[in-house]
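This report concerns only the one structure given below.
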Protein chains: 2
Amino acid sequence: MTAKANPVPSVWARQQSAPDQPALSRASIVREAIVMLDADGIEALSMRKLGARLNAGATSLYRHVATKDELMELAVDEVAAEFTVPPPGSPWRAAVTEAAVSFRATALGHPWLSAVLGQAGLAYLGPNLMAYSERLAALFSDAGFPEPSRAIDTVLSYVIGMSTTEAAWLITVTRSGKTEGDLIASLMPAAQQAAAGHDHLAGAYADAAVHAPVDPVALRDEKFFYGLDVVLDGLEMRLPR
Amino acid sequence: MTAKANPVPSVWARQQSAPDQPALSRASIVREAIVMLDADGIEALSMRKLGARLNAGATSLYRHVATKDELMELAVDEVAAEFTVPPPGSPWRAAVTEAAVSFRATALGHPWLSAVLGQAGLAYLGPNLMAYSERLAALFSDAGFPEPSRAIDTVLSYVIGMSTTEAAWLITVTRSGKTEGDLIASLMPAAQQAAAGHDHLAGAYADAAVHAPVDPVALRDEKFFYGLDVVLDGLEMRLPR
DNA sequence: CGCAGCTGCGTACAGTGTTCGCATCGAAGG
DNA sequence: CCTTCGATGCGAACACTGTACGCAGCTGCG
C-alpha cells in the first residue's frame, strides 16, 4: 500500500470483486492448496505462499479456515471425492477391486495424502470419506459377509499400507529428479552393499538387477494386485456358502 | 558464559567429560530424541529442545548428525531393533504372526514411527530394518513360498496399514487427554450425526454403542488378528502342497 | 612447544503458523 | 441520504523452527 487512498471515485479504478479470481472462499482456498500440494509436496505448502497464489495476504485465509490442520482435513476429504465404489449389485470381488484401485490411484496421484493420513488417521469425518465407507459397507454386506466391518478394515489396511509405501517411494523419485528406473539403478550399489551378509536379500537384489529393464510401473501394479488377490482370497473363505 | 576462564588449575573444577552425560555422541543424541518423540510426539521434537536436554547448544548436534531428517532416519532404524522374527525352522504361520505382532507393538509403542514412514517410506536402508527383511525372507523361502518377496510385501503392507491407522488413533487419544473409551463416547454424537443418511454406517455405530463397554484394546487386538489371519489364509493357498 | 583437527556454541538468516487491531466495504435500517 | 454493523482483508508482530558460519577451546601428535 504505497499510494494512499485515491479520492477520485472512478468506476474504472475500482475492481469489481476481481474478475478472474473468484473472491476468496473456503472452496477456492482448498482447491488451490491441493494444486500446490500436488505440484510441490507437503512441505512446500505454507499459508503465506498459498495466500500469495490467491492474490491475498497470508492471514486473510484465517477468515475461512480455522487452522492449517483444518485446511489439510478439508483437502483430504476433497481428494477423497475421487474414491469410487461400484453400485450395489455388482459382483463383489470386481467391485472391491475397483474400490481398492481407485483408492490407490488417488493416493499415488496425491502423494501427500498418505503422509497426512499417517499423521492424523481416520479421525476425519468428512462427507466424501463417509460416503466411501458407506458404499463399501453396503458392498460387503450385500455380498453376504457376516462381519462386513472386519472385512472392510482388512482390505483397507492392506490398500493403505501398500499405497503409503508406494507414495513415499514416488515422492523420493520426484525429489531425485530422475526417472524411476534411473533412481533404482543409482541406488543399487548402496542397496547391494547394505545387503552384504544377508543372503536372501542379496539374492533378491541380484535377481532385480537382472530383470532391471522391466517397466517399474508395471512391476508395482503386479505387486499391488498380487497382494490384493491374496487378501480377497482370504476373505472369500469367510463367505458362507 | 558469564564468568571468564578460571586460572586456578584445580582438578575438581574441571569436569572430566561430564560424569552423568556421556559426552555428546550420535548414539546418545538418537537415544534422547526417541525419548522425546515417545513422550511428546513428533512435533514436540526440535533441535533446540533436544540440545537443551543433552546439556548442549542447539547447533552442536550438527557435528554428529547432518540434518534433522537424517536424525529421524537413525531414530527409525533404532526402534526397528525391536522387530523380532523367530529363527528359521519355526512353523511359518506362527513365526510370521510373531513378526507381525512385534512390528505392530513397536509401531504402537512409538506412534511417531508410522508418520515418519508415511513421509519417507522404506528408502531407509538401516541395518536393523535390513536384518528384519532378511529374516522375513528366510522365513518365507524356507516355508516354500514360490515368491517370497511378494508374500512379504503383502503381509507387511497389511501390518503397516493397520498399525498406521491404529497409531494415528492412539495419537488422537493421547492428545485428547481422555481415556480411549471416554474419547469414543464423546465422539459418538458427531459420528452418528455424520452417518445420518448412511444406513450401514449408522447401523454399525449403533451396534458399537450397544457394545460400548467392551475393552477397546481387546477390540483392536481382535481386529488386527482377524485381518492378519485373512492375509495368512490367502498366502497359504499359494503354498505348493 | 607448536600445530592440526575435532568439538561445542553464539549469532544470524530466512522462514513458519497464528494473533491482534485497524481499515475497508456492502448491505441494512432509520 | 446518512449511519451503523457485520463481514472481510491485511500489515505488523510474536514465538518458534532448521540450519550456515565463524570463532573459541580442547586434545593428541610430531
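By convention in this document, chain letters (A, B, ...) are assigned in the order of the sequence lines, proteins followed by strands, and residues within each chain are numbered from 1.
For residues 173-189 of chain B, the set of pairs meeting the side chain to side chain donor-acceptor pair (under 3.5 Å) definition, not counting sequence neighbours, comprises Glu43(B)-Arg175(B), Trp169(B)-Glu180(B), Lys178(B)-Ser186(B), Thr179(B)-Asp182(B), Glu180(B)-Arg220(B).
Scored by the salt bridge (charged side-chain N to carboxylate O under 4.0 Å, His left out) test, Arg48(A) finds no partners at all (sequence neighbours excluded). In this structure His64(B) satisfies the side-chain hydrogen bond (donor to acceptor under 3.5 Å, both in side chains) test with no other residue, sequence neighbours excluded. Every residue two or more places apart in sequence or in another chain that forms a side-chain hydrogen bond (donor to acceptor under 3.5 Å, both in side chains) with His110(B) is listed here: Asp38(B), Glu82(B). Contacts of Glu32(B) classified as salt bridge (charged side-chain N to carboxylate O under 4.0 Å, His left out), with partners at least two apart in sequence or in another chain: Arg53(B). For Lys223(B), the salt bridge (charged side-chain N to carboxylate O under 4.0 Å, His left out) test picks out Asp153(A), with sequence neighbours left out. Contacts of Glu222(B) classified as side-chain hydrogen bond (donor to acceptor under 3.5 Å, both in side chains), with partners at least two apart in sequence or in another chain: Arg150(A). Annotation: ring pair (Phe, Tyr, Trp, His ring centres under 6.0 Å) contacts of Phe83(B) (sequence neighbours excluded): Phe103(B), Tyr132(B). Applying the side-chain hydrogen bond (donor to acceptor under 3.5 Å, both in side chains) test to Arg63(A) and every residue at least two apart in sequence or in another chain returns nothing.
Between the side chain of Arg104(B) and the backbone N or O of Ser163(B), no donor-acceptor pair lies under 3.5 Å.
Atom CZ of Arg26(B) and atom P of dT7(C) are 11 Å apart (whole Å). Spacing between atom CD1 of Ile29(B) and atom C1' of dG8(C) amounts to 11 Å, rounded to whole angstrom units. Across the protein-nucleic acid pair, Leu71(B) atom CG and dT19(D) atom C1' stand 14 Å apart, rounded to whole Å. One atom, CG of Leu61(A), and another, P of dC10(D), lie 9 Å apart when rounded to the nearest Å.
In the helix from dC1(C)-dG30(D) to dG30(C)-dC1(D), the end axes, each obtained as the rotation axis mapping the C1' atoms of four pairs onto the next four within a five-pair block, lie 10° apart to the nearest 10 degrees.
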Got a list of protein N/O to nucleotides 5-9 of chain D N/O distances below 3.5 Å?
residue : atom : partner  : partner atom : Å
dG9(D)  : OP2  : His64(A) : NE2          : 2.5
dG9(D)  : N7   : Arg63(A) : NE           : 3.0
dG9(D)  : O6   : Arg63(A) : NH2          : 2.6

Give each protein N/O atom lying under 3.5 Å from an N/O atom of nucleotides 12-16 of chain C, with the pair distance.
residue : atom : partner  : partner atom : Å
dT16(C) : OP1  : Ser46(A) : OG           : 3.1

